[in-house]
Asker: 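Shown below is the structure under consideration.
Atoms within a ligand are numbered from 1 in the order they appear, just like the ligands themselves.
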Amino acid sequence: MKLSSLAVTAILFPAALSAATPLSETSDLIDNDAVPVISEASKARAAELVSQMTLDEKLSYIGGIDGFYIREIPRLGIPRIRMADGPQGVRNDTKSTMYPCGIAAAATWNRDLAFAYGKSLGTDARARGVHIMLGPGVNIYRFPKCGRNFEYYGEDPYLTSETAVQYIKGMQSVGVMSTIKHFCGNNQEYNRNNGSSDIDERTLNEIYLPAFRKAVQVARTGAVMSSYNLVNSVHMTENKALIKDLLRDAWGFEGIFMSDWTATYSSILAANNGLDLEMSWGQFMNPRILKTAVETGTVTEKTIDEKCQHILQTLIEFGFLDREQKDASLPEQNPDCDLTALNVAREAIVLLENEDSFLPFSKKIRKVAVLGPNSGNIPTGGGSGFVSPFTTVSVTEGVGGFYKLVADAAKADAVVYCAGFNSDTECEGRDRPFELPAGQIAEIDSIASLNPNLVVVVNAGGGVDFNPLLAKAKAVLMAWYPGQQGGRAVAEVLSGEVNPSGRLPITVEKRLEDNPVFNNYYCNTERLWNSPERVTYFEGVFVGYRGYDRAGTEPLFPFGYGLSYTDFQYSDIAAEKLSDGRVRVTASVKNIGKRAGAEVVQLYVNDEKARVPRPEKELKGYEKVYLEPGETKSVEFILDSEAFAFYDMDLHRFTVEPGIFNILVGASSRDIRLTTAVTL
Ligand code: BGC
């Protein structure tokens, strides 16, 4: 790949303003190592089946049935296809492993764990005969209040993409189709059915679309689910520019494009503009309505055939017409999956504060009181991502495995207070406050006055107001929603059995007003009497740390931040241009403390001079490195053109401008330890 010959998949926007044509060049930003998702043989077999279907059969086929199924056509040997939520466990009609939530998976910054997560979840699906899993969710974290942030992977498109790609590859490696969702612009739960996310072309391409593009082009996801909202005035189930021109024509997606559950708002528009499958049922796309449309030529039969073709060729490619999906040899309660849930939780926990190295607990700490609303249960976010586990380990139970349990705060050597939200207070369908639920802060204050050896564990899907906790607690852990083994993982971190290695996939603000999206989160553009409510993303690409850097605002905890029980020293950065145009960066990291631990070495790129405003730095590489005390390892990053490109609104594609690019390597977005530069 030559940087000079950069030609990138792109889409022209705003869709509402132009009937623009996407560029037809194939992306060279994508490492196309994966095999195409649909073989010619599967396509031919699907075409043969479609040719045998009656019009009524075809029109019924493109609407789901019984909540979570694609209907069967026994006379053609087409089986019933089962779907289930969702990103953090198999939800529907079953108990199953409850994994840590999505943002926890991202907080591990560990690609192998993301793969294992997807694979274990796929294994749970196979044990139950589920063909299609409704996840991962990859909408970008814009603001802490969004009720579904817990399902997603944080504020950065690169970290989100890397996590999603591994998750999908893992899941599909065991014969379960993944569904990337919600395409796109679903960054708030508030008014999600009727709000238009107005996002300019550059911002869409740089921030909100990359994870979907890589899910399609690198991980080869079998399915994509629409969002509920409109994007630039057009509902996503009828958004031709994004479905047909971008997803299909520019990105080459050959799988199933399904609606979110009752996210279809029209028949003719949805049918003609690219929706393949209306879920959960054919309210708008059904024989009663569409037969007349076909007879009158408003919708062509060829269009209906294409939808059936997309669905069938994908089902055939995944083997669903030729084998039983349920693998009876797999246990429904699977110890391997339980271990994956534990391993993800262990690496997801972020140690935010550790005054005077209070953690891990010293040998003097023997009696621990575990208090607070989330101490005796394992909280999770709510809505379609909710999972019913077979078993859980609460923090009380986990700590009980290491320390004596005492009920009274004043008599304990230390107190662990479990604060945060739960499935009632942080969930799909509505947004949540930035402040912790009422009463928790008052309780923390009174406990701190009885016992200063206070640790607060927070369960949330994103940032909260940490200031009152920091004022009282010696240590603060962000545990997210850590899944069924969460209490054990927290206890292992408290005791030092596990050295924390989670890093924030978000920026945490000192005050909510500091967030670059603060003025743009709710409807912020005047609304005409008959138009949808509008949320205009005026901050553009400057979301998360990109916005803090531009404003020069100090965050409370920066993106990429997290403490460890050991220290790491960085040295020896070098960058060289390779003959294929890529750039190789190496750096060394040494564990200079007394405990083994893992560091997340983060690489950011800064474009020294550009003709458009660019973020001061953007994450373009990371590696998690495990080091014994005294051990040094060299870390290598290979940067392709994507690491240096921005989306050019004039050319309607990504471009790399020649010039100097600074390479920043460090322990967080605000803790850069090494720099070098390359000239391209
Ligand atoms: C959610 C989807 C989910 C679907 C099925 C919808 O409410 O937005 O993410 O997959 O329900 O449960």
Asker: Show me which atoms of ligand 1 lie under 4.0 Å from any heavy atom of R91.
Answerer: 12 (O)

Asker: Which atoms from ligand 1 have a heavy atom of K181 less than 4.0 Å away?
Answerer: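 Every atom of ligand 1 under 4.0 Å from some heavy atom of K181: 2 (C), 3 (C), 9 (O), 10 (O).
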
Asker: So is M83 close enough to ligand 1, meaning a heavy atom under 4.0 angstrom away?
Answerer: no

Asker: Does any donor atom in the side chain of D200 or T203 lie under 3.5 Å from an acceptor atom in the other side chain?
Answerer: yes

Asker: Determine whether the side chain, the backbone, both or neither of R192 has a heavy atom under 4.0 Å from any heavy atom of ligand 1.
Answerer: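 R192 to ligand 1: side-chain contact only, backbone stays beyond 4.0 Å.
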
Asker: Should we count CD of E332 as having more than 12 external heavy atoms under 6.0 Å?
Answerer: yes

Asker: Out of the candidates E155, E539, E189, only one should pair with R142 under the salt bridge (charged side-chain N to carboxylate O under 4.0 Å, His left out) rule; please name it.
Answerer: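 When salt bridge (charged side-chain N to carboxylate O under 4.0 Å, His left out) is applied between R142 and each of E155, E539, E189, only E539 qualifies.
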
Asker: Going by atom types only, do Y522 and N191 share a side-chain donor-acceptor pair under 3.5 Å?
Answerer: no

Asker: What residue and heavy atom of the protein are closest to atom 3 (C) of ligand 1, and at what distance?
Answerer: D85 OD1, 3.3 Å

Asker: Knowing that exactly one of Y141, Y158, F559 qualifies, which makes a ring pair (Phe, Tyr, Trp, His ring centres under 6.0 Å) with Y545?
Answerer: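 Single ring pair (Phe, Tyr, Trp, His ring centres under 6.0 Å) partner of Y545 among Y141, Y158, F559: F559.
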
Asker: What are the two closest heavy atoms between S196 and S233, and how far apart are they?
Answerer: OG-N, 2.9 Å

Asker: Starting from atom 4 (C) of ligand 1, which protein heavy atom do you reach first, and at what distance in Å?
Answerer: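 Sorting protein heavy atoms by distance from atom 4 (C) of ligand 1 puts D260 OD1, 3.5 Å first.
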
Asker: Give the residue and atom name of whichever protein heavy atom lies nearest to atom 7 (O) of ligand 1, and the separation in Å to one decimal.
Answerer: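 The closest heavy atom on the protein side is E428 OE2, 2.5 Å.
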
Asker: Does only the side chain of E189 get under 4.0 Å from ligand 1, or the backbone, or both, or neither? Count heavy atoms.
Answerer: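 Neither part.
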
Asker: Looking at F68, which atoms of ligand 1 are within less than 4.0 Å of one of its heavy atoms?
Answerer: 5 (C), 12 (O)

Asker: How does H182 reach ligand 1, by side chain, by backbone, by both or by neither, if only non-hydrogen atoms under 4.0 Å count?
Answerer: side chain

Asker: Find all atoms of ligand 1 within a distance of less than 4.0 Å from any non-hydrogen atom belonging to S384, and give their numbers and elements.
Answerer: 1 (C), 2 (C), 3 (C), 9 (O), 11 (O), 12 (O)

Asker: Among Q188, R148, K181, H182, whose side chain to side chain donor-acceptor pair (under 3.5 Å) with N139 holds?
Answerer: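 Filter result, single survivor: H182.
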
Asker: Is W261 close to ligand 1, meaning an N/O of one under 3.5 Å from an N/O of the other?
Answerer: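 No; the residue has no nitrogen or oxygen that sits under 3.5 Å from a nitrogen or oxygen of the ligand.
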
Asker: Classify the angle between the aromatic ring planes of F68 and W261 as parallel (below 30°), tilted (30 to 60°) or perpendicular (above 60°).
Answerer: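 Tilted: the ring planes of F68 and W261 meet at 30° to 60°.
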
Asker: For ligand 1, which atoms sit closer than 4.0 Å to a heavy atom of L134?
Answerer: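 Atoms satisfying the 4.0 Å criterion: 10 (O).
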
Asker: Anything under 30° is parallel, anything over 60° is perpendicular, the rest tilted; go ahead and classify Y167 against Y117.
Answerer: tilted

